[in-house]
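Heads up, the thing below is written out as structure tokens.
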Amino acid sequence: MTLVEAVSLRRVLDSRGNPTVEADVLTEAGGFGRAAAPSGASTGEFEAVERPPSEAIAAAREHAVPRLVGAVHAGNQREVDAALHAADGTDDFSELGANAAVAISMAAAKAGADTVGLPLFQHLGGSFRGAQTTFPTPLGNVVGGGEHAAEATAIQEFLAAPVGAPSVAEAVFANAEVHAAVADVLDERGIAAAKGDEGAWAPPIDDAEAFEVVDEAVDRVAEARGFEIRFGLDVAASEMYDADAEVYRAGDTERTPAEQRDWIAGLVDEYDLAYVEDPLDETDFDGFAELTDRVGDRTLVCGDDLFVTNVERLDRGIETGAGNSILIKPNQIGTLTDAFDAVERAHRAGMDAVVSHRSGETEDTTIAHLAVATDAPFVKTGTVGGERTAKLNELVRIAEDAV
Ligand code: PGA
Ligand code: ZN
């Protein structure tokens, strides 16, 4: 019934105005799925390889489509993704392009779900997800800089975390209110700010002032809303690290790796941070382990560039105690199967798996379903902007569906 009947590929725009790969998958029974690849700016060195969209499409038409059409079932995700790996023949999707692979993988999942008449989160998570009672808390990027905006904070993302919200919808609206409250606090300080790639404010201030601004904005909304809102960070420290000099550079400040760890540990306590992603360089497993030892009982220490959704790198983290959570981005590894394997491995090791968008996004909503299907504690989707609200609004709909 879910046998793949056709796969078509095209270039569409992403939120930065760059071309990206979109795939359509049609099944024999008339099921249809469409998905588009996101794209990172602060990409990890160890991610699967994205190819220019026109090259990725040509390679996928030549090598992948013949292995899919009339040959695999969209309802069997492992079969689809194994065909993509076989068509690629490398260990980093450098032949097909991880962008073509992930678009096809996600479109097939949607076509499989459509054919059997299930919402995607249920199809991906198994039917026990029908009685979902827990939902991921959206982490809302409200202030940021790094690779996502010039002349702004060194820390890439300050993320509102409405952990006390009574529902997904309340959490979604709270994050938007924190985003608006940040604009008010900046205005009161006479600071004008543009927006970065993910829609976060990108003010020309240093990290220390950004902490004051976000702390104030979060407090105002928490008080008005009457539930707990914390915040977290994506430091994206690999972008700050100078490997030759062995220092992290943030504005005029230089920190040795030991000083960077002390700085982060101090911030976790001072601001009661709920979440700290990539606080150290993507090669520093030992540093992650030391930091996790110090603060892992009270915050999530999450590896994004460190793990790149890759089970081999995750295994190294599990062995060394580096981090207590992994960020899951399907396009970092190329297929939904690989992403699910990473989630499963993390869960077995007692780690949390947080699902995430990329800085370059489309209206695709797959990650909202993936986060629910895998019972993620948090989902990173941004806060405002159409490509971000597409996921947030889908989460609201899923929550309504599932209870
Ligand atoms: P990217 O940033 O999509 O530009 O890699 C997001 C992140 O680092 O989490
Ligand atoms: Zn990150």
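Each ligand, and each atom within it, is numbered from 1 in the order the structure gives.
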Next item on the list: May I ask you to check whether D234 brings an N, O or S atom to under 2.8 Å from the Zn ion (ligand 2)?
Entry: yes

Notebook entry, point to check: Which of the N/O/S atoms in D304 sits closest to the Zn ion (ligand 2)?
Noted result: OD2

Notebook entry, point to check: Are the ring centres of Y275 and F231 closer than 6.0 Å?
Noted result: no

Item checked: Approximate separation, where rounding is to 0.5 Å, of S42 OG and D234 CG -> 6.5 Å

Next item on the list: Could you tell me whether some N/O pair between L327 and ligand 1 is separated by less than 3.5 angstrom?
Entry: no

Margin query: Measuring from non-hydrogen atoms of E147 to any atom of ligand 1, is the shortest distance under 4.0 Å?
Written below: no

Next item on the list: Give the contacting part of H357 toward ligand 1: side chain, backbone, both or neither, where contact means a heavy-atom distance below 4.0 Å.
Entry: neither

Next item on the list: Kindly indicate whether the side chain of D14, heavy atoms from C-beta on, has any atom under 4.5 Å from the side chain of E361.
Entry: no

Item checked: Rounded distance [0.5 Å steps], CG in L233 versus CG in L267 -> 6.5 Å

Margin query: Would you say the Zn ion (ligand 2) has D305 as a near neighbour, meaning an N/O/S atom of that residue under 2.8 Å away?
Written below: no

Next item on the list: With heavy atoms of R358 as the reference, note each atom of ligand 1 found under 4.0 Å away.
Entry: 1 (P), 3 (O), 5 (O)

Notebook entry, point to check: Which is the closest N/O/S atom of E277 when seen from the Zn ion (ligand 2)?
Noted result: OE2

